[in-house]
There are 2 protein chains.
Amino acid sequence: MINDLFSKGGLSLDRLRGFMQMAEAGSIAKAAPGKPNRQSQISRQIRELEQFFGTELTRRKGKTLSLSIAGERLALLIREQLQDLEDFRKEQAGLPKSFVIGAGASVIEWLLVPALPAISRHLGGATLLTESHRSRSLGDAVRDGRVDLAIIRQDAVPTGANTALVMKMRFHLCIPRALLKRGATERDAASPALWQTLAFAAGRDGGQTDTAVREAMQSAGVDFRPRFECGSMLQVRQLVELGACAGILPTLGIRGLDEKKVLITPFAPLRDFGRALVLHWNPRQMRRRGLETSDLKKLAAIIADQLKA
Amino acid sequence: MINDLFSKGGLSLDRLRGFMQMAEAGSIAKAAPGKPNRQSQISRQIRELEQFFGTELTRRKGKTLSLSIAGERLALLIREQLQDLEDFRKEQAGLPKSFVIGAGASVIEWLLVPALPAISRHLGGATLLTESHRSRSLGDAVRDGRVDLAIIRQDAVPTGANTALVMKMRFHLCIPRALLKRGATERDAASPALWQTLAFAAGRDGGQTDTAVREAMQSAGVDFRPRFECGSMLQVRQLVELGACAGILPTLGIRGLDEKKVLITPFAPLRDFGRALVLHWNPRQMRRRGLETSDLKKLAAIIADQLKA
DNA sequence: ATTAATCATGACTGTGGAGTCAGGTATCCT
DNA sequence: AGGATACCTGACTCCACAGTCATGATTAAT
């Protein structure tokens, strides 16, 4: 019976919350940065929960802490429960729900942010939180409910299900005309020999896109030594826009570039590298939070529409 | 964000539990019988929760209390959450889960109890709790998770889904041979004229079975005045077994009756009244608790097998 | 009108647990 | 080796909340 839960002490919402915070942050220290008192408290709360449940919820792994199998399950359970309570509270108080949407930094900036008002509208005025993550960890975040929705490359999603296509991405070579001879054409721009002489900006985030560009250059025979190596594609675009250098930008990144000032042409070596960007969700999570598959497909369409505007 | 839940006080597991107890019992008084102190506490806990959520969870209905729409939802939510926590605890502690199985009193006695060991075995050694309910309220109990499984007449289940057939029930006229002339046959027993002269025992629980029997007698032209009117069919069977009177028993109730002492024959007026007994469950609830549809169908088969033994 | 339920409220006490501080230990980095 | 980092532990304080009792308000049953 449920009353067994209360027959012995050691269980409280605060403890569950403390444990969940540690689970989300990945370590106690990150869960309470700069607050050593709270750290010791979370440590104790976890120990008390472990006593209550009679199981190790955590495993020492080096000098840091990670979750055991049981801990993973409990963390998932607690997040769902607290979120259900919070949704109930918000609904009763007449407040909008809030959804967390994750994507890479450039996708957020170029695609998601412009679409946020329309998304919120379709979700009944929901509050939206954007979170920047790497593709890899986004899948995990969706799986265990830290992120409600993700915009992510299709190949980074374990299964093809629970996704709706948003757009296909291609790569474009963008060269400020100031760096070219007067009257240069797209044909001129397609020459690797030219690329070798140009100053380039490139990402250096170690992500798939970054790697692909570098490999493509290599196999085109270019000794690719970008003058600027940036932490994100956003910075690459800025440099291109300034006319400081050339760059390879994904479809999303060329919107708003002035074709009079920048020559934009498909980047041939990555012509077949086009990847689909999809909206990804956790079906169980979405069902709990009141979104049907049809809502999600509509959301994907809304985001895709953003590109046409 | 989930942290909003903790930004203001007034939420605690104890309060949620107090509210849920009231919700299950139907009133504060029933939730804490004979404990006026606990009563006042639950009353206060509910008020504090209402303040926390900013909603009325209860409605005064006469001198007693009932749940509002929001209250119903919250109660359902809390029961699920506490049960999930309890399941987690049990699992981690290596203890078996516990399941609540509901049915009518006679079904429990005649069908369910003999099958309990096999059911427990199939559920991995689960602890089983039987609960006697009327058909009508069983449906509700399954719907909101107070009862995990129910054995119930098919026509008492709102939708045909979420059920598996256990058996078909028919009605049998059972007459102690001591009340008949020596050498009486089944044919003799089928005469309404005889019925009129026999002492009968009948249920008087106002249930569908009871009503059907009385109506059938009436339309057979019998002025049906049972000598014994019993609260349950169990008592009817006892009286028949004692040889004190005749009775109409469902298929389940004739097992173990000594045919040498009791003449058992189909009760013709209710020949087409046969009703299916099904195992009924709440799919959402069962998914949460780790039972698949296939498990449940197997359970129904296990219970059905009980009849052959 | 009287009585009995049922729930609500106020005024407490006691306690479990959150919050805080001060070390202590193990591990990693250089 | 020395220092930084991350976690654990013990010893407290303080408070929110469970627990208890007495009483009042409303409604139902007789």
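In what follows, chains are A, B, ... by sequence order, proteins preceding strands, each numbered from 1.
In this structure, the side chains of A:D210 and A:R214 come closer than 4.5 Å at one or more pairs of heavy atoms. A heavy-atom distance below 4.5 Å is not found between the side chains of A:T127 and A:K97. Between B:W281 and B:V147, every side-chain heavy-atom pair lies at or beyond the 4.5 Å cut-off.
When all heavy atoms are compared, the tightest approach of B:L49 to B:R15 is CD1-O, 3.6 Å.
DNA chain D is contacted by both B:G62 and A:K30; A:K30 maps to the nucleotide lying nearer its 5′ end (nearest heavy atom per residue). Taking for each of A:G10 and B:M22 the nucleotide of DNA chain C with the nearest heavy atom, the 5'-most of the two is the partner of B:M22.
In this structure, B:K63 atom NZ and C:dC7 atom P are separated by 9 Å, rounded to whole Å. Atom CZ of B:R38 and atom C1' of C:dT6 are 17 Å apart (whole Å). For the pair A:I28 CD1 and C:dA26 C1', the interatomic distance rounds to 14 Å; values are reported in whole Å. Here C:dG17 presents its P atom at 11 Å from CG of A:L49, a figure rounded to the nearest Å. Between the NZ atom of A:K61 and the C1' atom of C:dA26 there is a distance of 17 Å, given to the nearest Å. Regarding A:K35, its NZ atom lies at a distance of 13 Å from the P atom of C:dC21, rounded to whole Å.
Heavy-atom contacts of chain A under 4.0 Å fall on DNA chain D between two terminal nucleotides, which in 5' to 3' order are D:dT5 to D:dA11.
On a pure distance criterion of 3.5 Å, a polar donor-acceptor pair joins the side chain of B:R44 and the base of C:dG10.
Of the options B:Q21, B:K35, B:R17, a side chain to side chain contact (heavy atoms under 4.5 Å, CB included) to B:I42 is made by B:Q21 and by none of the others.
Base contact: A:N37 has a heavy atom under 4.0 Å from a base atom. Looking at heavy-atom distances under 4.0 Å, A:S40 makes contact with a base.
In terms of phosphate contacts, A:R15 brings a side-chain nitrogen or oxygen within less than 4.0 Å of OP1 or OP2 of C:dG17. Close to C:dA8, at under 4.0 Å from its OP1 or OP2, lies a side-chain N or O of B:S43.
In DNA chain D, stems built from 3 or more consecutive Watson-Crick or G-U wobble pairs, each with both distances under 3.5 Å, span C:1-30 with D:1-30.
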| task | Check the pair B:M233 / B:V236 against side-chain contact (heavy atoms from CB on, under 4.5 Å), numbers first and verdict last. | result | CA-CA 5 Å; B:M233 299 305 285; B:V236 174; 4.3 Å; yes
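Geometrically, A:R289 engages A:F99 in a cation-pi contact, judged by NZ or CZ lying under 6.0 Å from the ring centre and within 45° of the ring axis.
Under 3.5 Å, the side chains of B:Q41 and B:R44 contain no donor-acceptor pair of N or O atoms.
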